[in-house]
There are 2 protein chains.
Amino acid sequence: MREYIPVLNRTKLFAGVGEAEISAMLVCLQAKQYSYKKGEYVFRQGEYLNNITVLVEGGLHVQSDDYWGNRSIINVITIGEMFGEAYAAPGSGALLNDVVAVEDSTVIFFDVRRILTVCSSACKFHSLVVQNLFFAISEKNRMLVQKLGHMAKRSTREKLISYLSEESKRQSSPTFTIPFNRQQLADFLSVDRSAMSNELCKMRDEGLLIFEKNKFTLL
Amino acid sequence: MREYIPVLNRTKLFAGVGEAEISAMLVCLQAKQYSYKKGEYVFRQGEYLNNITVLVEGGLHVQSDDYWGNRSIINVITIGEMFGEAYAAPGSGALLNDVVAVEDSTVIFFDVRRILTVCSSACKFHSLVVQNLFFAISEKNRMLVQKLGHMAKRSTREKLISYLSEESKRQSSPTFTIPFNRQQLADFLSVDRSAMSNELCKMRDEGLLIFEKNKFTLL
DNA sequence: ATAATTCGGTTGTTTTTACAACAGAAATGA
DNA sequence: TCATTTCTGTTGTAAAAACAACCGAATTAT
């Protein structure tokens with residue numbers, strides 16, 4: 001687990017905490033490390049969480065499948081990001097989504113109660129970490145609102161433009177890659193893949209953008 | 001402002017803080033009170049916030065209007081709830097939505113930096129309030145994910161069922177009222193009002209539910 | 001290297017939604 | 001009280017999306 005301390009050091013959760021302190025906190029917060037093969041579930045809808053988790057290797061999707069097999073991708077977790085933090089509060093209820101490894105992944109679990117309860121001993125970073133938690137979840141909150149903005153658009157084209165524009169802005173470049181293949185992008189925007197593919201090609205033919213695989217350029 | 005201390009006392013932000021301490025914190029956190037007539041804007045898209053705010057009277061909608069006049073209602077703020085907390089972190093960027101009074105409303109502003117910076121003097125409740133902030137924003141986060149769940153549904157009918165079921169569950173009764181008229185519900189679910197109205201009546205005729213104004217019963 | 005699977009694009013059909021326009025009922029205001 | 005505005009439901013039409021089925025290319029596995 002120590003090998004991942006440099007990764008943890010760069011996370012929002014441990015911002016302002018040095019490597020030495022993180023090392024101490026791994027013990028104090030009862031950190032545990034698990035690995036998952038591509039396709040395996042880290043959590044399933046309906047579970048109750050007692051951990052905040054940080055992804056230190058690989059990639060995850062937060063998603064849910066309905067009865068008819070329609071999948072909805074809520075969020076993408078990349079290295080250094082947290083998940084499950086919205087379920088840290090007592091009485092948060094069951095997890096609303098599945099969390100799935102989209103590539104071989106490694107995750108570190110931290111005991112929630114130990115983060116929230118200030119212990120008497122060595123680690124005096126709890127209150128900083130709680131503030132970090134707050135900032136991190138704020139950012140996630142804003143991201144969810146942006147996603148709502150995409151999904152609120154009435155047509156597939158508008159959804160695509162809304163999402164791709166934001167991604168271009170976020171990556172500060174008209175050319176950028178997205179973390180999805182076509183089916184995943186459709187699941188992320190909650191539209192039909194073939195219809196979306198069709199719309200993307202129309203937009204390309206109209207000179208709005210070009211793309212190759214998951215690399216897009218807005219014109 | 002003191003008249004609202006009992007209201008503040010029941011909020012998630014001040015959970016575990018007594019009325020006397022809240023009274024002290026009103027000074028310490030430089031609380032300011034503002035009132036808005038129905039229809040007035042509390043905040044506008046693009047503004048930068050330096051305050052966390054609590055609604056103590058009336059009702060607010062967090063919404064945004066696009067260029068063509070399509071409105072999207074992101075969230076409803078009821079008495080005792082906070083808003084703007086996702087913009088408390090430094091570098092959060094500009095507000096993504098408008099916040100509008102849907103009835104005559106009163107709001108109390110708290111200086112964000114004073115909440116996040118532990119002051120040396122009297123108020124030793126900062127760290128508790130930061131934890132409360134974290135819990136409150138967690139709840140909002142889960143709510144946004146639920147809303148994403150409604151909006152991810154492909155048809156108007158499914159969106160309605162998803163939303164109404166959740167509302168029924170939340171209010172622990174098959175009969176419940178919603179905080180929207182028809183146009184607002186359509187804006188909340190991002191569908192056309194007349195199409196939605198039509199679908200609602202079909203569902204009623206099929207015996208799935210009954211309704212009168214904003215009071216619904218699932219059968 | 002070859003077979004099998006996944007992925008992305010295309011097309012035609014069916015279903016659904018958006019849009020527009022209107023009318024009666026209800027609520028609001030003068 | 002009466003006039004005005006808002007709200008809800010209804011209908012028909014046009015536009016868009018979902019769905020299904022298919023194909024070739026690319027990727028992955030054996």
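Chain A is the first sequence line, chain B the second, and so forth, proteins listed ahead of strands; every chain is numbered from 1.
- Residues B:Val99 and B:His61 have side chains not in contact (no heavy-atom distance under 4.5 Å, counting atoms from C-beta outward).
- Taken residue by residue, residues 211-219 of chain A places heavy atoms nearer than 4.0 Å to DNA chain D at A:Lys213.
- Using cut-offs of 30° and 60° on the angle between ring planes, the pair A:Phe109 and A:Tyr34 is perpendicular.
- Within the 4.5 Å cutoff, no side-chain heavy atoms of A:Ile161 are placed close to those of A:Leu218.
- Ring-plane geometry between A:Tyr163 and A:Phe180 is classed as tilted, the angle between the planes lying from 30 to 60 degrees on a 0 to 90 degree scale.
- To the nearest angstrom, P of C:dT17 lies 17 Å from CD of A:Glu158.
- For A:Lys37 and D:dA29, the NZ to P distance is 12 Å, given to the nearest whole Å.
- Rounding to whole angstrom units, CG of residue B:Leu160 and P of D:dG9 are separated by 12 Å.
- Proximity of B:Arg182 to the phosphate of D:dG9: a side-chain N or O atom is located under 4.0 Å from OP1 or OP2.
- The side-chain hydrogen bond (donor to acceptor under 3.5 Å, both in side chains) check on B:Arg182 picks up nothing, with sequence neighbours excluded.
- Rounded to an integer number of Å, the gap from CZ of B:Phe180 to C1' of D:dC7 is 16 Å.
- Taking every heavy atom of residues 194-207 of chain B and every atom of DNA chain D, pairs under 4.0 Å involve B:Ser194, B:Ser197, B:Asn198, B:Cys201, by number.
- Annotation: the terminal axes of the helix from C:dA1-D:dT30 to C:dA30-D:dT1 meet at 60°, where each axis is the rotation carrying the C1' atoms of four end pairs onto the next four (5 pairs per end, rounded to 10°).
- Applying the salt bridge (charged side-chain N to carboxylate O under 4.0 Å, His left out) rule to B:Glu166 yields no partners; only residues at least two apart in sequence or on another chain are considered.
- Close to D:dA17, at under 4.0 Å from its OP1 or OP2, lies a side-chain N or O of A:Thr156.
- Atom-to-atom, CG of A:Asp192 to P of C:dG9 comes out at 14 Å; the value is rounded to the nearest Å.
- Looking at A:Thr53, A:Val56, A:Leu29 one by one, the single match for side chain to side chain contact (heavy atoms under 4.5 Å, CB included) with A:Ile108 turns out to be A:Val56.
- By the salt bridge (charged side-chain N to carboxylate O under 4.0 Å, His left out) test, B:Asp66 pairs with no residue at all, sequence neighbours left out.
- One interatomic measurement links the two molecules: CD of A:Gln183 to C1' of C:dT5, which rounds to 15 Å at whole-angstrom precision.
- Taking atom CZ of residue A:Arg193 and atom P of nucleotide C:dC7, one finds them 10 Å apart after rounding to whole Å.
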